[in-house]
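Read through the structure below, which is laid out as structure tokens, and then see the notes.
Worth knowing before you read on, the calculation uses all heavy atoms, side chains too, and leaves out hydrogens, waters and symmetry mates.
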Amino acid sequence: MPFEDGGLGRVGDGSTGQAGEVITELNAGSKSGATGKKGNENKTAATRTEHRSEQTATRRESRNDPATPEEESRSEGGGRIAQEEQNRSAAGEGQGEKKNPRGVIEKQIDELVRIGGRLDEIAQGCRREIGGGKFWERTERDYWIEQHLKIRTKVGQPAPIEMNAVQREYSRVCLETGAKKNIVLKARQIGMTSYLAARFFVQTITRKGTLTMLVAHDQLAAEEIFRIVHRFWDNLPSELQEGPLKTSHSSARELVFPHLDSEFTVASADENAGRGRTIQNLHCTEVSRWGREGADALGSLRAAVVPGGEIVLESTANGAWGPFYEEWQQAEETGYTKHFFPWWFEESYRSEPGNGFEKTPEEIELALANGLTDEQIAWRRQQWSALRGMAGQEFAEDAVQCFRSSGECAFEIEVIEKALAGASAPCETRENGHLSIWLPAQPGRRYAMGVDPAGGGVNGDYACAEVIDWESGQQCAELHGHFTPRELGNRVAKLGKEYNDAVAVVERNNHGHALLVHLVDTLKYKPVYTWEDGAEGWYTTAKSRPPMLENLAEMLVEAAPLFQSWKLWNECRTFVRQVNGAPAAAPGAHDDCVMAMGIALAARKEGRRKEWWEDGAAGK
């Protein structure tokens, strides 16, 4: 997805603040810094000479005596001495600068660091009402951004930044709450990505020893965003570029400032970004598109952030699944401050209504609830007509519905949300959390295990075994993890023995064959489900899959309290209908628990007419 910085492209209002005064001092530093001490000494000597002449003149005046020729000569001479010493001071400045450029840079660094220590202070005369009784007070950070950073407007020209409504509201909430961990759900192209990059760029160049890492969903997006960041640096005054902000390394992915020992770097989520680094500012963008291993990448990055460092996760919605959806849902528990920005925060999203324009009842309700104009409703109508079902995702209006708009769930979403809210923790966990138990085995009862194998390896699909009570269908235990067929066979046999020789219903497709060989031939495990052709294992086909999933869907609706696994319910939520109508895991999501439970319940339904236990094998 392309990133535009046009959302920031409005000319600043020219207000003044402390940061603006400091930049003047920084520019002046290259002209006077190294020789300031000598110049001051010369000016002091000249001032003493002038002062003595003034004292003499004052005494003569108090006595009403005219000045003597000697005194007049001394006074004139003092003035000439002062002027000569000032001239010598001015002439020596250029030589002093060449002799001690290090001193100039050090002074400029001190001024930058002074700015960095005041970024959250309020700039004078910068208070603006933003509606709803709320006021935005421009901080020194925002003043610096507006006065000294430039972006490319939508017409392709560089221009100073003037913050829009989205950016002002984000800044206001951050200042008000002091939040260091923020998560942003937004409509597309409202200027948030560029503004966050600007905030962290200012922090990088005004605070020593700062590493800012910006992580996008792929390499192309990372490089495109970095061009925005590089443009910030390209348009700074030359005194800064050649002085304290001179880079030792600049590429398509990083800016390194050796005088500050700071760095701004970008990366993509699929390249182990952050490993071995110490990060002060972490900006993760379009997290909803980070792919199947996005949660692992995010965990690795957050582990690299220092205590007290800043983290921002921002994205448009991309379905009710994946790391961003989960982070948004759990934000209050994990200490993240939520920011939601629907499309109407962007002032340019307006169109002429045209003749005969009339709002529908839905549009009237939306306009009344959010204070929208006919021009905004007309723009919305155009987008919804062009994007159809994707409009609610790309141009969010509701922090709940925008996730659901990304794909039609194959199961009842209301049932799933209710079940997730009420899911209970297991009474016992074992094997480093891989095995969860809600209902221990009871003497005399029969059980079944639905098993969905996987190829093993940390980057592959998960394997899963779901244990259910044969009579009620209640979920009793869940085995979930990355296991090879041999490892899974050993664990399944052990778990099955614990549950009174539970019938093992193993999907025989793909890796299931190797699992069955180890389970039956090596471990001699019984009982094992047999297919209609007499072979061991469940065979998932175009014919058997639909009724198996329909049976699962029916059980989830009619007997939801029987299922307590958060993993299972979360996979149900991300099990959506594809373009061809077939239900499957959404991109980046998993379906191991869904398939294992579906297989177990299908065998149970069929087993009412057929038994796989040998006499005396069950009920021990």
Side-chain angles (χ1 to χ4, degrees), residues 291-293 296 321 410 434-435 448-468 477-496 502-552 565 567-568 570-572 574-606 612:
R292 297 188 65 172
E293 305 304 325
D296 293 339
W321 55 76
H434 291 304
L435 178 60
M449 285 188 300
V451 184
D452 180 27
V458 295
N459 295 319
D461 289 330
Y462 289 99
C464 182
E466 297 282 0
V467 179
I468 64 170
E478 180 180 81
L479 176 68
H480 189 266
H482 289 295
F483 308 122
T484 65
R486 184 179 182 85
E487 292 172 333
L488 182 60
N490 294 338
R491 293 170 186 260
V492 165
K494 181 180 178 181
L495 185 60
V503 60
V505 191
V506 180
E507 186 181 42
R508 77 189 204 192
N509 306 55
N510 302 320
H511 302 288
H513 178 71
L515 171 60
L516 284 165
V517 169
H518 182 62
L519 189 64
V520 175
D521 296 345
T522 304
L523 301 177
K524 309 298 182 183
Y525 183 84
K526 293 182 180 180
V528 174
Y529 172 92
T530 56
W531 190 245
E532 56 192 26
D533 60 2
E536 286 121 347
W538 168 276
Y539 192 30
T540 301
T541 65
K543 180 181 178 181
S544 65
R545 191 174 187 271
M548 179 261 286
L549 292 174
E550 290 172 6
N551 180 58
L552 172 61
S565 168
K567 287 189 181 75
L568 171 63
N570 193 53
E571 285 189 8
C572 289
T574 62
F575 202 76
V576 299
R577 298 195 182 280
Q578 307 296 312
V579 176
N580 62 3
H590 297 275
D591 63 3
D592 318 284
C593 297
V594 166
M595 296 302 294
M597 182 58 74
I599 290 170
L601 292 173
R604 171 180 174 268
K605 184 176 182 179
E606 182 183 345
W612 292 280

For this session: For atom NE2 of H434, decide whether the heavy atoms of other residues, nucleotides or ligands shown that lie under 6.0 angstrom number more than 12.
Result: yes
For this session: Starting from the C-alpha separation in whole Å, work towards a yes-or-no answer on side chain to side chain contact (heavy atoms under 4.5 Å, CB included) for I599 and Y529.
Result: CA-CA 11 Å; I599 290 170; Y529 172 92; over 6 Å; no
Exercise. Is a side-chain donor or acceptor of T522 paired with a backbone partner of L519 at a separation under 3.5 angstrom?
Worked result: no
Exercise. So do M597 and I468 actually touch side chain to side chain, heavy atoms under 4.5 Å?
Worked result: yes
Problem set entry | Minimum side-chain heavy-atom gap H482-E487 below 4.5 Å | no
Exercise. Is there a donor-acceptor pair closer than 3.5 Å between any side-chain N or O of T540 and the backbone N or O of E507?
Worked result: no
Exercise. Are any side-chain N or O atoms of E571 and backbone N or O atoms of V594, one a donor and one an acceptor, separated by less than 3.5 Å?
Worked result: yes
Problem set entry | Side-chain donor or acceptor of D592 paired with backbone N/O of C464 under 3.5 Å | no
Exercise. Taking side chain as C-beta onward, heavy atoms only, is C593 less than 4.5 Å from Y462?
Worked result: no
Problem set entry | Note, P453 side chain near V506 side chain (heavy atom, < 4.5 Å) | yes
For this session: Kindly check if the number of other-residue, nucleotide or ligand heavy atoms within 6.0 Å of CZ (R486) is above 12?
Result: no
Problem set entry | Validation row: H518, N490 side chains within 4.5 angstrom (heavy atoms) | yes
Problem set entry | Side-chain heavy atoms of L549 within contact of F575, under 4.5 Å | yes
For this session: Run the numbers on L523 and V492 for side chain to side chain contact (heavy atoms under 4.5 Å, CB included), then give the verdict.
Result: CA-CA 10 Å; L523 301 177; V492 165; over 6 Å; no
